[in-house]
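Read through the structure below, which is laid out as structure tokens, and then see the notes.
To find a chain, count down the sequence lines: A is the first, B the second, and so on, and within it residues start at 1.
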There are 2 protein chains.
Amino acid sequence: MMRQSTAPRQQYDAAIRRLTALAPLEAPDISALQAAIGQARVVPARRELLQEGRAIPEPLLIVEGWAARVRILIDGRRQFLSFLLPGEMVGLCRHGQPLAVSTVVALTDMTVARVPDCAPDSALAESLAVSIALEEAYLLAQIARLGRLNAQERIGDLLLELHERLSLSQIATGGSFEVPLTQEVLADAVGLTPVHVNRMIQLLRREGLLAWKGRRVSLRAEETLARMVGRSPVRVVGQTAVPSAA
Amino acid sequence: MMRQSTAPRQQYDAAIRRLTALAPLEAPDISALQAAIGQARVVPARRELLQEGRAIPEPLLIVEGWAARVRILIDGRRQFLSFLLPGEMVGLCRHGQPLAVSTVVALTDMTVARVPDCAPDSALAESLAVSIALEEAYLLAQIARLGRLNAQERIGDLLLELHERLSLSQIATGGSFEVPLTQEVLADAVGLTPVHVNRMIQLLRREGLLAWKGRRVSLRAEETLARMVGRSPVRVVGQTAVPSAA
DNA sequence: CGCTGTCTTGAAACATCTCAACCTAGGTGG
DNA sequence: CCACCTAGGTTGAGATGTTTCAAGACAGCG
């Protein structure tokens, strides 16, 4: 519970780094963000931030930790629709009386802040709009992944995407990053069985494409892996959204 | 080619009926829409309306015909990400210099109109916002479908969704509607093989849940089918978006 | 130390794919 | 008007990928 509040200040900047990467923010926007983040609150793992079909209380900015959009079928089958990472938004929506179209659950302990109000044509507004566009792009990628990739490709492709997204906030550097995912959660994200996910990860390991120890994932031969699953980076604006770091 | 221009005027109203169902439009909005529709242009089947990674020229309203968002993998595998039906929008996006995140291709000959400009708090703006929210909901439904439903369920669920969406514009009535889909296209939408789609459709037929002759689909025992695939209607605003018709 | 959750392994069952052939209806050109 | 041609639908048999179930190993934590 208290863990978050003792985290180094530096870590709280991931969200700002991401939003600045999406549209170059100026001082006023940044201080508004910092103010909002200063009042961030903690959400424990497994807590639901939004419930499908219920009203959306207020849009949130993820400062730290992971969440996921999830759908549970009546017979208990579970599908994670998307992951939500630091610097990304929960429940941004712009029509009146909005209902959540999916439940959102915290995968880890999280820190979340209110999204500050901003003028319609500010850089922050642009950044949020790009963020929304990216979110849609990630949903489309998830559809193609589930529809047309085989088990190994799905896992490789998802890990590449997570790396790309974490690179935006510079949480991931040089092909290595922390994922708070059990193989069971991963299975429910890529539409497979935990057992089969396990076997495919081992296969990727044996092929030297992946190291996964504890929560740390390292992508070896990122290029090879990307070519193997036929993946190209997600873009929604003129320049590539991913900084050329690494 | 000329077919569209000789279609009964009535048919052109489907788009307006849908938008009115999403938010009650007043006279000025409706006449703006009618003006835009009056200047609609025809797009032949197979033509691309948007290309992934290229700039979005202008948002379009589908007046008649079907389109689909599609992604093609380097090795030729194809995945339809979503279908776009009359009354729905193509390329609505609100950040500067937007790039299309997916290619959009006409599945049939189509009629498309410009989306009229509207005041930020007009009923039309609200209707468009709800339409965007619905589009997201449909993407999420597609993810759950591909990730956690088996072949038969995927097909049943998709047909139920199409029926629900076509009901919004009152194109579908009483469980029966026209789909301009070959089994091959359907296969690429539900992530299966055409051969397997064929077998599953026959299975649904034998079970008395479905009649499919030519382009006309009739859902029998809609309730049973919905229960079988564990489906509930998509909602993004306070009331159910689907008129209680039939 | 003994839980408990997570990862790992094996063997058999099952769902879906592949390939190849055939059928049918509609449209076109001779 | 027929003969062909094509796109789409249908069928069968075997191969493959993924799931299921059940059991064991491992690690972190109270």
In whole angstroms, the gap separating P of C:dG5 from CZ of A:Arg46 amounts to 9 Å
On a heavy-atom basis, the closest approach of B:Gln79 and B:Gly191 is OE1-CA, 4.0 Å
Let me know the distance between CG of B:Leu210 and P of D:dG9, rounded to the nearest Å.
13 Å
Going by ring-ring contact (aromatic ring centres under 6.0 Å, His included), name the pairs with one or both residues in residues 173-207 of chain A, residues two or more places apart or in two chains.
A:His163-A:Phe177
If you look at every strand shown and take non-hydrogen atoms under 4.0 Å, does B:Arg205 touch a base, only sugar-phosphate, or nothing?
sugar-phosphate
Can you list, pair by pair, the side-chain donor-acceptor contacts under 3.5 Å of residues 203-214 of chain B, counting residues two or more places apart and other chains?
| from | atom 1 | to | atom 2 | distance (Å) |
| --- | --- | --- | --- | --- |
| B:Arg205 | NH1 | B:Trp212 | O | 2.9 |
| B:Glu207 | OE1 | B:Gln152 | NE2 | 2.5 |
| B:Trp212 | NE1 | B:Gly214 | O | 3.2 |

Any donor-acceptor N/O pair, B:Arg78 side chain to B:Ile72 backbone, under 3.5 Å
no
Look at the side chain of A:Gln142 and the backbone N and O of A:Ala189, then say whether any donor-acceptor pair between them is shorter than 3.5 Å.
yes
From CH2 of B:Trp212 across to P of D:dG9 the rounded distance in Å is 8 Å
B:Leu186 CG to D:dT10 P, in whole Å, measures 12 Å
Under a 4.0 Å N-O cut-off, is there an ion pair linking B:Glu48 with B:Arg54?
no
Rounding to a whole Å, what distance do you find between A:Gln183:CD and D:dC26:P?
16 Å
Could you tell me the separation between the CZ atom of A:Arg215 and the P atom of C:dT6, rounded to a whole number of Å?
10 Å
Tell me, for nucleotides 11-25 of chain D in 5' to 3' order, what letter each nucleotide earns: B for a base near a protein heavy atom under 4.0 Å, S for only sugar-phosphate near one, - for neither?
BBB----SBBB----
Return the value, rounded to whole Å, for the distance between atom CG of B:Leu146 and atom C1' of C:dT16.
15 Å
Between atom CZ in B:Arg216 and atom C1' in D:dG9, what is the gap in whole Å?
20 Å
